[in-house]
Visitor: 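Before we start, here is the structure in question, set down as structure tokens.
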Amino acid sequence: MARFISLSPFLVIASANAERKMDASPRGGAPGFVKVADAQTLLIPDAMGNNRLDTLENIIDNPQVGLLFFIPGIDEMLRVNGAATLEISEHLLGLFDDWQNKPRLVIKVDIETAYLHCAKAAMRSTLWANDHRQDRSVLPSMGELIKEHAKLDAPAETQADMLRRYENEL
């Protein structure tokens, strides 16, 4: 399972607050961005993102989290459940010194259960099949979606503008 994590560039972390309102949030980086500290501990850097704090607030209320790790091209997934804490120690943050945008905190997960998830869902969805990839143009830009959803009067950010803005934030 440590090898799986070392190859994974993407995970989804699920959490719930004290009122049991759920959140599932993506996290990504270079393969192995999540560090395996030991057989019972994972370290997830909290990289700059969309500035929503749902997951972090949930962990403060309720430490139980579920993680789902993906490796592009591999149909199996890795599921990990455990108790999370938010850590800001220089030692843990120093493990991510090679990052362009260093995290300000680390989500430390004390593993309670971990197991591989069978490939059936990914196989049924043909998740990794090139002939099922969609061109980005099939949806409005994120800026257009947000403008419509929030009923904003301001001009919508184009896809090209968003990509230029992200260049320095990844």
Side-chain angles (χ1 to χ4, degrees), residues 5 7-35 42-75 77-81 84-88 93 96-109 117 121-170:
I5 292 167
L7 296 171
S8 176
F10 184 80
L11 70 89
V12 176
I13 181 170
S15 61
N17 66 15
E19 290 81 40
R20 298 170 64 184
K21 292 182 179 171
M22 300 294 300
D23 176 61
S25 179
R27 297 289 195 266
F33 77 99
V34 173
K35 309 285 187 203
L42 299 178
L43 304 171
I44 306 168
D46 187 53
M48 187 184 320
N50 63 5
N51 295 320
R52 291 199 52 96
L53 301 174
D54 303 326
T55 301
L56 305 180
E57 290 172 341
N58 287 352
I59 289 170
I60 292 168
D61 280 355
N62 171 7
Q64 294 306 123
V65 296
L67 309 175
L68 185 60
F69 289 89
F70 297 81
I71 300 172
I74 305 293
D75 288 331
M77 291 159 246
L78 176 64
R79 295 173 64 173
V80 176
N81 298 311
T85 55
L86 307 179
E87 305 287 339
I88 57 170
L93 291 171
F96 303 94
D97 276 347
D98 58 336
W99 281 42
Q100 178 181 344
N101 293 307
K102 295 176 183 58
R104 294 185 181 157
L105 66 84
V106 173
I107 302 170
K108 179 182 170 194
V109 178
H117 193 83
M123 292 171 75
R124 277 192 294 269
S125 71
T126 60
L127 181 62
W128 308 118
N130 284 331
D131 59 339
H132 283 84
R133 291 180 59 95
Q134 297 292 320
D135 186 87
R136 180 62 185 88
S137 65
V138 301
L139 287 174
S141 71
M142 181 66 89
E144 292 166 328
L145 291 168
I146 291 170
K147 177 183 167 117
E148 173 79 17
H149 179 74
K151 298 179 180 15
L152 301 174
D153 289 328
E157 182 178 45
T158 68
Q159 188 70 17
D161 288 342
M162 181 200 68
L163 293 173
R164 276 192 294 279
R165 181 171 52 83
Y166 282 0
E167 284 178 3
N168 295 325
E169 295 178 7
L170 294 178

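Counting from 1, the numbers follow the sequence of the chain as shown.
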Visitor: Under 3.5 Å, side-chain donor or acceptor atoms of residues 135-148 against the rest of the protein: list the pairs with distances, not counting sequence neighbours.
Guide:
from	atom 1	to	atom 2	distance (Å)
Asp135	OD2	Ser137	N	2.9
Asp135	OD2	Ser137	OG	2.4
Arg136	NH1	Leu139	O	3.2
Arg136	NH1	Pro140	O	3.3
Arg136	NH2	Pro140	O	3.2
Arg136	NH2	Gln159	OE1	3.2
Ser141	OG	Gly143	N	3.4
Ser141	OG	Glu144	N	3.0
Ser141	OG	Glu144	OE1	3.3
Ser141	OG	Glu157	O	3.0
Glu144	OE1	Ser141	N	2.7
Lys147	NZ	Ala154	O	2.8

Visitor: With rounding to the nearest 0.5 angstrom, report the CG to CZ distance, Leu43 to Phe96.
Guide: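 Separation between the atoms: 5.5 Å.
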
Visitor: Could you walk me through whether Arg27 and Val34 pass the side chain to side chain contact (heavy atoms under 4.5 Å, CB included) check?
Guide: CA-CA 9 Å; Arg27 297 289 195 266; Val34 173; over 6 Å; no

Visitor: Phe33 and Phe10: which non-hydrogen atoms are nearest, and at how many Å?
Guide: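 Closest approach of Phe33 to Phe10, heavy atoms only: CE2-N, 3.8 Å.
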
Visitor: Please report the closest heavy-atom contact between Thr158 and Asp161, naming both atoms and the distance.
Guide: OG1-N, 3.0 Å

Visitor: Look at atom CG of Asp131 and say whether more than 12 heavy atoms of other residues, nucleotides or ligands are closer to it than 6.0 Å.
Guide: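 Counting neighbours around CG of Asp131, more than 12 heavy atoms of other residues, nucleotides or ligands fall under 6.0 Å, so yes.
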
Visitor: Please determine whether the number of non-hydrogen atoms from other residues, nucleotides or ligands lying under 6.0 Å from atom CE of Met162 exceeds 12.
Guide: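 Yes, CE of Met162 has more than 12 neighbouring heavy atoms, counting only those of other groups under 6.0 Å.
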
Visitor: Pair Lys102, Asp97 - check side chain to side chain contact (heavy atoms under 4.5 Å, CB included), show working.
Guide: CA-CA 6 Å; Lys102 295 176 183 58; Asp97 276 347; 3.8 Å; yes

Visitor: For Arg133, does the CZ atom have more than 12 heavy-atom neighbours from other residues, nucleotides or ligands under 6.0 Å away?
Guide: no

Visitor: Any chance you could measure Leu105, atom CG, to Leu86, atom CG, to the nearest 0.5 Å?
Guide: 5.5 Å

Visitor: Could you give the distance from CD1 (Ile107) to CG (Leu42), rounded to the nearest 0.5 Å?
Guide: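 Answer for the CD1-CG pair, Ile107 versus Leu42, is 11.0 Å.
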
Visitor: For a quick test of reading the model, state the closest non-hydrogen atom pair linking Pro103 to Ala47 and the distance between them.
Guide: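 Shortest heavy-atom separation between Pro103 and Ala47 comes out as CB-N, 4.5 Å.
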
Visitor: What distance do Asn81 atom CG and Arg79 atom CZ have between them, rounded to the nearest 0.5 Å?
Guide: 6.5 Å

Visitor: Pair up each side-chain donor or acceptor in residues 56-70 with any protein partner under 3.5 Å, not counting sequence neighbours, and list the distances.
Guide:
from	atom 1	to	atom 2	distance (Å)
Asn58	ND2	Ser15	OG	3.0
Asn58	ND2	Asp54	O	3.4
Asn62	OD1	Gln64	N	3.1
Asn62	ND2	Ala16	O	3.3
Gln64	NE2	Gly82	O	3.4
Gln64	NE2	Glu112	OE1	3.1

Visitor: If you take all heavy atoms of Arg104 and Ile88, which pair is closest and at what distance?
Guide: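 Where Arg104 meets Ile88 most closely, the heavy atoms are O-CG2, 3.7 Å.
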
Visitor: Nearest heavy-atom pair of Pro31 and Leu7: which atoms, and what distance?
Guide: CB-O, 3.7 Å

Visitor: Quick one: closest heavy-atom pair of Glu87 and Thr85, and the distance?
Guide: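 Smallest heavy-atom distance, with atoms named: OE2-OG1, 2.7 Å.
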
